[in-house]
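Structure, as structure tokens:
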Amino acid sequence: MTAADVVTAVTLPLGALFAFVGTVGLVRFPTLLGRVHAATKPDTVALILILVGAACQLPDVRVAALLALAALFQMLTVPVLAQTIGRVAYSRGEISEEHMVGDELAEALERGDRPEHRPGRLDEPT
Amino acid sequence: MSADEGGERAVDEATAGSGAAGAEAGRRRTPLQRMLGRLPTIAWLTLMWVILWGDPSPGTVVAGAGVATAGYAAAKLPHLPVGLRFRPLHVLLLVGHIVWDMFASSVQVSVHALWRPERMRGVIVEVPMRTDSDLLLAMVTGGLSLITGSLVIELNREEGVLYVHGTPIESERSVRQLRRQVRRTEKLFVWAFGTAADIEEFEREERREAEREARGAAEALPGAAEADDKEDPR
């Protein structure tokens with residue numbers, strides 16, 4: 001067993017575990033925003049771990065570049081997805097107060113002293 | 001946000017200036033300079049082409065460069081006045097910080113997913129940003145949303161304020177930690193990719209904040225924010 005095998009033996013199951021727990025969170029968290037957190041971020045970690053594990057088993061380094069590209073685009077697109085869902089969820093009122101400790105965005109909207117932050121703008125369907 | 005991305009932009013720093021100044025400089029360029037300004041994007045597109053073909057032979061490179069140029073011309077992509085610098089040491093620091101944060105907070109959220117998920121609380125905090133560069137703000141926003149447990153809900157561009165949803169939140173302390181994390185991420189991004197002017201402005205803002213706190217004129221900020229600002233002289 002080489003060092004690469006050890007890395008794969010660690011990262012692959014760990015990645016699978018993160019993906020699994022992320023999905024469990026997606027089902028079990030009570031709020032939409034909590035689910036967005038669970039659905040997007042542990043999965044990114046999982047994917048990167050699995051790609052690292054896979055890269056260690058490749059006979060050719062050139063294919064590893066392809067995997068790196070996959071990881072890069074995952075890291076570039078996931079924030080966009082998470083932010084879009086988060087923003088729409090917020091503007092649609094899909095947040096449950098009982099699971100929030102505080103909401104300073106709502107306070108800012110109430111103050112209404114920010115031209116950019118009139119409720120109308122947030123309420124627009126995105 | 002990886003080093004690749006920054007490296008691609010770094011070449012283009014001759015007329016580094018943020019925002020409007022950069023655009024002005026872009027308009028005054030000669031055709032040759034404009035072509036050179038587009039070169040990094042072409043190089044990046046060609047690199048992706050070569051990687052996707054999995055074959056770095058000269059033929060692939062030439063074909064890739066041709067397709068990239070044609071695609072660039074057909075799409076009429078604008079030349080972005082990229083006002084960014086690339087500081088390898090700080091970028092390493094930033095990448096390390098993000099990787100660690102991603103890992104640690106993923107573990108944290110995982111624990112909550114398995115153990116009493118219905119008890120997980122979140123919070124939306126208002127965090128004033130100290131930088132005013134569009135690109136840096138976009139990068140900070142993306143970086144924060146990449147880390148588990150923080151998610152940018154809204155960005156008030158005019159005043160440079162981020163509204164970040166954070167989870168899991170157990171106490172006042174974790175709210176303060178969230179604020180500190182956001183501000184630290186901002187600082188790391190500014191130091192890794194900001195131009196000298198960006199850093200100067202960042203530090204000016206920081207001094208102004210310190211002065212404001214010293215005068216005790218924390219205007220209309222909610223209690224939690226005040227407490228935090230005092231604790232957070234960074």
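Convention: sequence-line order gives letters A, B, ...; per-chain numbering from 1. In what follows, every heavy atom counts, from backbone to side chain, and hydrogens, waters and symmetry copies are set aside.
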Spacing of [atom1] belonging to [X] relative to [atom2] belonging to [Y], to within rounding of 0.5 Å:
| X | Y | atom1 | atom2 | answer |
| --- | --- | --- | --- | --- |
| B:Leu47 | A:Leu69 | CG | CG | 8.0 Å |
| A:Phe20 | B:Leu114 | CZ | CG | 7.0 Å |
| B:Ser145 | A:Leu81 | OG | CG | 10.5 Å |
| B:Met48 | A:Leu66 | CE | CG | 11.5 Å |
| A:Arg87 | B:Leu155 | CZ | CG | 9.0 Å |
| A:Gln83 | B:Thr141 | CD | OG1 | 6.0 Å |

Could you tell me which residues satisfy ring pair (Phe, Tyr, Trp, His ring centres under 6.0 Å) with B:His90, sequence neighbours excluded, listed by chain and number?
-> B:Trp191
Bottom line for A:Ile48: the part with an atom under 4.5 Å from chain B's heavy atoms is side chain
Which atoms of A:Leu14 come close to chain B, meaning under 4.5 Å heavy atom to heavy atom: side chain ones, backbone ones, both, or neither?
-> side chain
Do any of residues 21-29 of chain A come closer than 4.5 Å to chain B, heavy atom to heavy atom, and if so which ones, in number order?
-> A:Val21, A:Val24, A:Gly25, A:Arg28, A:Phe29
Do you know which of A:Leu33, A:Val78, A:Val80 has the most heavy-atom pairs under 4.5 Å to chain B?
-> A:Leu33
With only heavy atoms counted, which part of B:Val107 is less than 4.5 Å from chain A, the side chain, the backbone, both or neither?
-> both
Proximity breakdown for B:Ser171 and chain A, heavy-atom pairs closer than 4.5 Å = neither
Any side-chain heavy atom of A:Lys41 within less than 4.5 Å of one from B:Met102?
-> no
Looking only at heavy atoms, the pair that brings B:Ser106 and A:Pro42 closest together is OG-CA, 3.7 Å
